Amino acid sequence: MSKLVEGIKDRMVTAAREAAPAVVDAAQKAATAAAEKVAEAVADAKNAAGETSVASEPVAAANAPEGAIFNPENARGNLHLGIDVGSTTVKLAVLNDDNQIVYAKYQRHHTDVRACARDLFEGAATVLPTAQMTCAITGSGGLLLSQWLDLEFVQEVIASKRAVETLIPATDVAIELGGEDAKIIFFGGALEERMNGSCAGGTGAFIDQMATLLGISVDEMDRLSLQSEKLYPIASRCGVFAKSDIQPLLNQGADHADVAASIFQAVVDQTVSGLAQGRKITGKVLFLGGPLSFIKGLRHAFVRTLKLSPENAIFPEFASCFMAYGCALYARDNAESYTIDEIINKVKNAKVSDNIITGPRLFKSEQEYADFIKRHSDSDVKHLDINTYEGDAYLGIDAGSTTTKLVLISPDGGLLYQHYTSNKGQPLDVIAAQMKEIYKLIGDRIHIKSSAVTGYGEDLIKAGMGVDNGIVETVAHYKAASFFCPDVDFIIDIGGQDIKCFKIKNHAIDSIMLNEACSSGCGSFIQTFAQALGYDIADFAKLGLFAERPVDLGSRCTVFMNSSVKQAQKDGASVEDISAGLSSSIIKNAIYKVIRAKSVDELGKNIVVQGGTFLNDAVLRSFEIELGRNVTRPAIAGLMGAFGCALFAKEKSQGRDGKSGVLTKAQLEEFAYRLAKRNK
């Protein structure tokens with residue numbers, strides 16, 4: 001009830017009380033009715049004079065949606081609405097002419113921006129049902145919504161600049177972290193904005209991934225980080241690489257509190273080094289975005305790293321809706337205004353295309369798949385029975401980033417023993433256990449004449465296990481490929497976190513191409529999505545073989561791809577279609593991002609594929625479809641590094657007598673190692 005209505009009512013009731021207490025109740029009712037008529041007459045008079053009217057009876061603050069900011073006392077005069085559509089959230093802010101917040105709300109959209117926007121508008125309508133307001137939209141995902149609703153779109157940097165100049169004009173630097181984007185804006189002199197590009201490392205989605213890895217919520221990770229005593233170096237440029245840093249720490253018993261704090265520190269390091277790139281962040285620093293609004297541990301990490309005093313570290317009360325606030329300020333310049341209900345009707349009636357872009361089917365029939373399997377089964381090694389074989393043998397080990405591969409071969413390349421497993425951050429333990437198993441099987445019948453190792457753990461395994469030779473990965477893979485295809489002119493190996501491509505000329509490696517800071521398109525890339533959708537990687541891969549409409553997801557960062565997958569699900573894509581689409585994405589990433597081929601003809605004619613990822617028939621078939629030709633996949637594609645090592649060990653032993661220096665059965669029984677303590 002407005003102050004005008006209350007005042008008229010009070011005066012009439014007072015007069016009634018003085019006249020006769022018995023008629024108080026009747027007087028109260030009559031006073032209320034009369035006062036409301038007066039208020040309606042005043043409102044009509046304002047409208048006739050051209051003044052904008054707000055809702056005469058805003059709902060009490062207690063009835064506002066949960067989590068919303070609502071200040072009913074500010075609901076006066078002209079109102080202005082700003083909407084900020086981010087990569088993972090939508091923010092809404094309503095201001096009055098005095099730039100005071102009337103209503104604000106922050107909500108995750110789970111890739112369904114339209115439904116989330118409608119939900120936010122309906123929430124605002126409960127407290128501002130008839131208010132007229134001007135409108136504008138901003139944000140990385142706002143352009144499409146502005147087109148749907150036919151409302152003005154504002155560039156983020158303009159909205160941010162307007163908000164900063166209005167609220168905190170002394171700001172020197174603004175740092176904003178969103179769901180999949182990060183930006184730094186330098187004020188003073190010429191305005192300069194720096195944003196992340198194709199990598200979403202160090203953003204809110206990265207933090208979500210790390211919380212999932214730890215098996216806790218982001219809130220729990222935040223609370224733990226405040227109890228930390230030490231920090232570990234962790235990569236934040238990519239969730240896949242960060243996983244490799246974190247998993248060994250967890251295996252070695254690192255305190256979860258220290259790991260949590262280290263994750264937040266990694267985000268800070270990524271922001272400062274990746275975006276500031278040497279430019280100093282000094283003066284008054286404004287921190288914006290959801291992660292910096294809600295995660296105290298992240299705030300502390302930024303303040304500590306930048307060495308900011310309390311007066312120079314600015315965390316606005318409504319930092320999560322700051323861009324929406326700036327957008328609402330911009331909307332003040334618009335002439336046209338709407339009620340919330342009118343905007344909701346725009347959302348309901350918006351013509352939205354939800355057509356899914358699809359690619360070619362991998363296999364059109366069971367027979368086509370059977371022919372595919374038969375063709376590739378011809379590229380196999382001879383398998384020998386280790387329980388009956390007698391003679392010399394050669395050991396090859398590939399100590400990879402996430403897996404350990406081991407083979408034992410005969411002099412002619414026959415396979416006696418093979419093992420492929422996740423190393424769980426403990427490659428020495430894995431290899432020691434497998435060597436014990438080998439010694440149990442070979443007895444005195446087989447003599448290990450030489451051994452070789454390659455991969456990330458080459459030096460560690462060579463020193464710890466007494467392996468005779470170390471070999472560069474590229475050479476090991478080439479030796480293995482040429483065993484199956486002597487005329488090979490191009491090799492592509494896709495592993496857990498890396499992609500290696502070699503061009504071969506005159507039976508020698510001519511050039512090498514590797515993925516750099518991004519691991520999209522590697523084995524862990526598709527494994528992450530399989531686990532997120534609740535599938536084992538092997539089962540998930542099979543789902544896409546006969547998909548009717550494989551989704552074209554392009555080739556993007558793991559974090560960005562997560563949004564594409566969710567959007568495809570919203571649009572009705574099946575898990576089978578998504579599985580096939582992800583297999584194709586791996587291949588497109590390798591060809592067009594790592595190799596940077598202008599055409600598939602650049603790759604060569606005799607192509608050998610390697611790495612455990614190519615054991616996925618859907619990935620292999622996607623590669624052949626993209627190239628328009630058949631390739632060679634050895635049956636031991638996941639063991640090629642180890643197989644090449646074994647072949648190299650055989651070469652190095654030529655003309656030499658004696659046995660390998662690898663640890664004997666007796667030495668393995670006494671094998672032990674101690675981890676060096678990390679300094680705080």
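In this text, all values refer to a predicted model and were calculated from it rather than measured experimentally. Scope of the values below: all heavy atoms of this structure, side chains included, with no hydrogens, waters or symmetry mates.
Of the possible donor and acceptor atoms, one in the side chain of Ser653 sits under 3.5 Å from a partner among the backbone N and O of Lys650. Side chain of Lys405 to main chain of Tyr420: no donor-acceptor pair is present (N/O by atom type, distance under 3.5 Å, no hydrogens or angles). A side-chain donor-acceptor contact under 3.5 Å links Asn616 to the backbone of Ala618. Side-chain atoms of Ser579 come within 3.5 Å of backbone N or O of Phe540 as a donor-acceptor pair.
The residues Lys588 and Glu626 are annotated as not salt-bridged, no charged nitrogen and carboxylate oxygen being separated by less than 4.0 angstrom. Remark: Asp412 engages Lys382 in a salt bridge, criterion side-chain N to carboxylate O under 4.0 Å. Classification of Asp617 and Arg633 as a salt-bridged pair holds, one side-chain N sitting under 4.0 Å from a carboxylate O. Salt bridge annotation for Glu624-Arg375: present, with a cationic side-chain nitrogen under 4.0 angstrom from a carboxylate oxygen. Here Arg621 pairs with Glu368 in a salt bridge; the nearest charged N to carboxylate O distance falls below 4.0 Å.
One distance of note links CD1 of Ile607 with CG of Asp489; it measures 7.0 Å at 0.5 Å rounding. Taking CD1 from Ile461 and CG from Leu428, the interatomic distance works out to 4.5 Å, rounded to the nearest 0.5 Å. Here the CD1 atom belonging to Ile386 is positioned 11.0 Å from the OG atom belonging to Ser410, to the nearest 0.5 angstrom. With rounding to the nearest 0.5 angstrom, the CG atom of Asp577 is 10.0 Å from the CZ atom of Arg361. Taking CD from Gln610 and SG from Cys501, the interatomic distance works out to 11.0 Å, rounded to the nearest 0.5 Å. In this structure, the separation between CG on Leu362 and OG on Ser583 is 6.5 Å, given to the nearest 0.5 Å.
Contact of the Asp245 side chain with the Tyr232 side chain is not registered, since no non-hydrogen atoms from C-beta on lie closer than 4.5 Å. With contacts defined as side-chain heavy-atom distances shorter than 4.5 Å, the pair Lys500/Glu473 qualifies. Taking the side chain as every heavy atom from C-beta outward, Thr421 and Val430 approach each other to under 4.5 Å. Between His383 and Gln418 there is a side-chain heavy-atom pair separated by less than 4.5 Å. Using a 4.5 Å heavy-atom cutoff, the side chains of Thr404 and Asp398 are not in contact. Looking at heavy atoms from C-beta onward, Leu214 lies in side-chain contact with Ile246 at the 4.5 angstrom threshold. Using a 4.5 Å heavy-atom cutoff, the side chains of Phe623 and Leu627 are in contact. Residues Ser511 and Phe502 form no side-chain contact, since every pair of their non-hydrogen atoms from C-beta on lies 4.5 Å or further apart.
Nearest heavy-atom pair, Phe490 versus Ile504, reported as atom, atom and distance to 0.1 Å: N-CG1, 4.4 Å. The heavy-atom pair separating Gly413 from Val381 by the smallest distance is O-CB, 4.2 Å. For the pair Cys645 and Ile397, the tightest heavy-atom approach, listed with the atom from each and the gap, is SG-O, 3.5 Å. Leu441 and Arg445 get closest at one heavy-atom pair: O-NH2, 2.7 Å. Counting all heavy atoms, side chain and backbone alike, Ser450 lies closest to Asn469 at OG-ND2, 3.4 Å. Between Met640 and Pro634, the closest heavy-atom pair is CE-CG, 3.5 Å.
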Walk me through it: do Tyr478 and Val488 pass the test side-chain contact (heavy atoms from CB on, under 4.5 Å)? CA-CA 9 Å; Tyr478 170 58; Val488 59; 4.0 Å; yes
Set out, in order, the CA-CA distance, both residues' side-chain angles and the distance that settles side-chain contact (heavy atoms from CB on, under 4.5 Å) for Leu395 and Leu406, then state yes or no. CA-CA 7 Å; Leu395 178 69; Leu406 183 148; 3.8 Å; yes
What verdict does the side-chain contact (heavy atoms from CB on, under 4.5 Å) test give for Met465 and Phe671, after you've listed the backbone C-alpha separation in whole Å, the side-chain angles of each residue and the deciding distance to 0.1 Å? CA-CA 9 Å; Met465 302 301 297; Phe671 176 73; 4.1 Å; yes
Between Phe363 and Phe372, is the ring-ring contact (aromatic ring centres under 6.0 Å, His included) condition met? List the steps. CA-CA 9 Å; Phe363 296 101; Phe372 169 87; 5.0 Å; yes
Applying side-chain contact (heavy atoms from CB on, under 4.5 Å) to Val609 and Leu620, what does each step give before you reach the verdict? CA-CA 8 Å; Val609 300; Leu620 177 60; 3.8 Å; yes
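Crowding of Lys542 atom NZ: a count of heavy atoms from other residues, nucleotides or ligands under 6.0 Å not exceeding 12. In the displayed structure, His507 atom NE2 is contacted under 6.0 Å by at most 12 heavy atoms of other residues, nucleotides or ligands.
Phe648 does not carry Lys479 over the face of its six-membered ring by the limits of under 6.0 Å from the centre and within 45° of the normal.
Inspection of the His477 and Asp493 side chains reveals an N or O donor paired with an N or O acceptor under 3.5 Å. Side-chain atoms of Gln434 and Tyr417 include a donor-acceptor pair closer than 3.5 Å. Looking at Ser451 and Ser660, their side chains do bring a donor and an acceptor atom within 3.5 Å of each other.
For Phe483 and Phe643, the ring centers are positioned less than 6.0 Å apart.
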